[in-house]
Amino acid sequence: MFNSKFGSIPKFYVRAPGRVNIIGEHIDYCGYSVLPMAVEQDVLIAVEPVKTYALQLANTNPLYPDFSTSANNIQIDKTKPLWHNYFLCGLKGIQEHFGLSNLTGMNCLVDGNIPPSSGLSSSSALVCCAGLVTLTVLGRNLSKVELAEICAKSERYIGTEGGGMDQSISFLAEEGTAKLIEFSPLRATDVKLPSGAVFVIANSCVEMNKAATSHFNIRVMECRLAAKLLAKYKSLQWDKVLRLEEVQAKLGISLEEMLLVTEDALHPEPYNPEEICRCLGISLEELRTQILSPNTQDVLIFKLYQRAKHVYSEAARVLQFKKICEEAPENMVQLLGELMNQSHMSCRDMYECSCPELDQLVDICRKFGAQGSRLTGAGWGGCTVSMVPADKLPSFLANVHKAYYQRSDGSLAPEKQSLFATKPGGGALVLLEA
């Protein structure tokens, strides 16, 4: 196909995997550790550097139209999260890191089998893949950690205020192990998952395009505002605080104690912009221009108490999950499953990032043998991840398939990779022609 598109053959290939977040939802951008693993599904790009400045992108999927531009004049349209813009994010991140004005052109054919808008990070895998493509074309070297940090930053060109988990696991993943990913500084630690259980991904078939929706960015802002109000309540220098983790670090107390501070400092009723201004002693104009992002300036209610409660409790669950994996008690699968179930409840009730289909799918998965089941990857659609005892896997897959995907009303499209067991895959890499 490359030959028919470009009349030549590729010089090298780059792959970058998607991921499933086992536990730790919506806390990376608050500064807290998360626990993902790479999936085997990936984005694969065939690349031929060219002597001109032309960048030509094609996709094996006819739904994604070809795109070409000058490699020296990269424009990323935030208003439209089109597929090629994610490629441009990765390219621009590397270009800016090295301070290059002129980039060599290239022909790229993109292929991928990560279901799009499913919460398995297809978009971040494309950003990471494009970053590694650009680095390889330039003949430069960077560590995996540097690549992950550059790609996490550059995905924000498209307007998503993510925290860096997706790019980190795409580069730092290793086959056979999940990873605890910690931030500032970025590092990854192996987490050995229980041998008697399998992780199964089930797609709700409700698509959720993160960059095209304000949900995600409103949550980021609610967490930022909650951090500032908590800091002010505790007489910290609140104007410097951006993340909930910073408040805990400055106070030097445990996550459990942070939950108690949240109870004292914030009220469960939603806050309006005027009340936030009163609490912080600032004007509405200062709130809009100095704190809120452009896409959250018109939001009228902020649920600060609920968001902070979710983040601090979820951060604690991640650490408990890792501890149980290390200590490996006999009832480890049951204990880990309970943490996953608590995580889903908190995502549903406190963070409000679930949807009816996800809740239904989680219930079905638990009914047919999952010890734990939760939404994964931002929510509002996309996938669930379930931990299933290995001996129950065949019956689990058959029953969930029947109960969720084979409905009498035929409302769901025939599922393509909608329900599958997965094991931890390896990270991004360059494959040279033999």
Side-chain angles (χ1 to χ4, degrees), residues 24 26-34 96 145-146 148-150 152-157 159-165 167-168 181-187 214 216-267 270-299 301-316 318-319 351:
H26 286 285
I27 61 173
D28 58 341
Y29 54 78
C30 297
Y32 284 110
S33 309
V34 289
E96 294 196 341
V145 166
E146 287 171 310
E149 291 185 319
I150 291 166
K153 214 162 67 199
S154 68
E155 192 166 328
R156 294 179 193 146
Y157 294 136
T160 311
E161 301 275 342
M165 162 176 59
Q167 300 81 4
S168 304
I181 305 250
E182 299 170 87
F183 302 98
S184 310
L186 177 62
R187 56 210 184 279
S214 60
F216 185 87
N217 291 331
I218 291 170
R219 292 297 180 280
V220 174
M221 197 46 63
E222 286 174 317
C223 290
R224 181 173 299 175
L225 291 168
K228 288 183 181 296
L229 263 67
L230 288 167
K232 178 90 193 294
Y233 178 81
K234 282 296 198 179
S235 308
L236 301 171
Q237 201 179 352
W238 64 265
D239 53 328
K240 297 276 189 287
V241 168
L242 290 174
R243 297 190 178 95
L244 286 164
E245 186 274 333
E246 293 166 41
V247 183
Q248 185 200 354
K250 283 182 165 62
L251 292 175
I253 61 179
S254 70
L255 287 161
E256 290 69 26
E257 288 169 305
M258 268 320 303
L259 284 165
L260 297 175
V261 172
T262 304
E263 293 283 348
D264 291 340
L266 303 175
H267 54 67
Y271 288 73
N272 60 31
E274 290 75 17
E275 184 179 3
I276 290 167
C277 289
R278 279 200 307 278
C279 291
L280 297 177
I282 57 173
S283 68
L284 271 172
E285 184 57 22
E286 286 171 307
L287 176 68
R288 285 173 64 96
T289 55
Q290 291 169 28
I291 300 177
L292 299 179
S293 56
N295 49 19
T296 56
Q297 286 178 356
D298 300 320
V299 177
I301 61 161
F302 297 96
K303 295 190 177 180
L304 307 187
Y305 169 87
Q306 290 83 347
R307 311 312 184 219
K309 290 267 292 194
H310 166 76
V311 170
Y312 289 130
S313 65
E314 185 78 349
V318 170
L319 300 180
Y351 220 73

Take the angle between the ring planes of His26 and His310 and call it parallel below 30°, perpendicular above 60°, tilted in between.
perpendicular
Determine the minimum heavy-atom distance between Ser33 and Ile27, stating which atoms define it.
O-CD1, 3.2 Å
Got Lys228 and Leu280 here, is their nearest side-chain heavy-atom distance under 4.5 Å?
yes
Which distance, rounded to the nearest 0.5 Å, do you find between the SG of Cys277 and the CZ of Arg288?
10.5 Å
Spell out, as yes or no, whether a donor-acceptor pair under 3.5 Å connects the side chain of Lys232 to the backbone of Cys279.
yes
In the structure I gave you, are the side-chain heavy atoms of Lys309 and Glu263 within less than 4.5 Å of one another anywhere?
yes
I need the minimum non-hydrogen distance between Ala152 and Gly164, along with the two atoms involved.
CB-CA, 3.8 Å
Got a second to check how far Gln248's CD is from Thr262's OG1, nearest 0.5 Å?
10.0 Å
Which heavy-atom pair separates Val247 from Ala227 by the least distance, and what is that distance?
CG2-O, 3.4 Å
Any Leu260 side-chain heavy atom under 4.5 Å of Ile253 side chain
no
Quick one, Ile181 with Met165, criterion side-chain contact (heavy atoms from CB on, under 4.5 Å). Give me CA distance, side-chain angles, the key distance, then yes/no.
CA-CA 7 Å; Ile181 305 250; Met165 162 176 59; 5.6 Å; no
Exam field: side chain Ser283 to backbone Glu286, donor-acceptor pair closer than 3.5 Å:
yes
Taking all non-hydrogen atoms of both residues into account, name the closest pair between Leu244 and Tyr32 and its distance.
O-OH, 4.0 Å
Hey, what do you get for CE (Met221) to OG (Ser293), rounding to the nearest 0.5 Å?
3.5 Å
Using side-chain hydrogen bond (donor to acceptor under 3.5 Å, both in side chains) as the criterion, list what pairs up with Arg224, not counting sequence neighbours.
none
Scan side-chain atoms only and decide if Glu314 and Tyr351 contain a donor-acceptor pair under the 3.5 Å cut-off.
no
Atom SG in Cys30, atom CZ in Arg307: separation rounded to 0.5 Å?
11.5 Å
Quick one: do Asp239 and Ile282 satisfy side-chain contact (heavy atoms from CB on, under 4.5 Å)? Show the steps, please.
CA-CA 11 Å; Asp239 53 328; Ile282 57 173; over 6 Å; no
State, yes or no, whether a side-chain contact exists between Tyr157 and Glu96 at a heavy-atom distance under 4.5 Å.
yes
Close side-chain approach of Leu230 to Val241, heavy-atom, < 4.5 Å:
no
Testing the 3.5 Å rule here: is there a donor-acceptor pair between the side chains of Tyr312 and Glu256?
no
At what distance, to the nearest 0.5 angstrom, does NZ of Lys303 lie from NE2 of His267?
13.0 Å
Considering all heavy atoms, the nearest Pro273-Val299 contact:
CG-O, 3.7 Å
Counting distance only, does the side-chain N/O of Thr296 pair as donor-acceptor with the main-chain N or O of Leu292 below 3.5 Å?
no
Can you name the closest pair of heavy atoms from Ser168 and Ala148 and give their distance?
CA-CB, 3.7 Å
Are any non-hydrogen side-chain atoms of Tyr271 and Leu266 less than 4.5 angstrom apart?
yes
Gap separating the CG atom of Leu242 from the OH atom of Tyr29, nearest 0.5 angstrom
14.0 Å
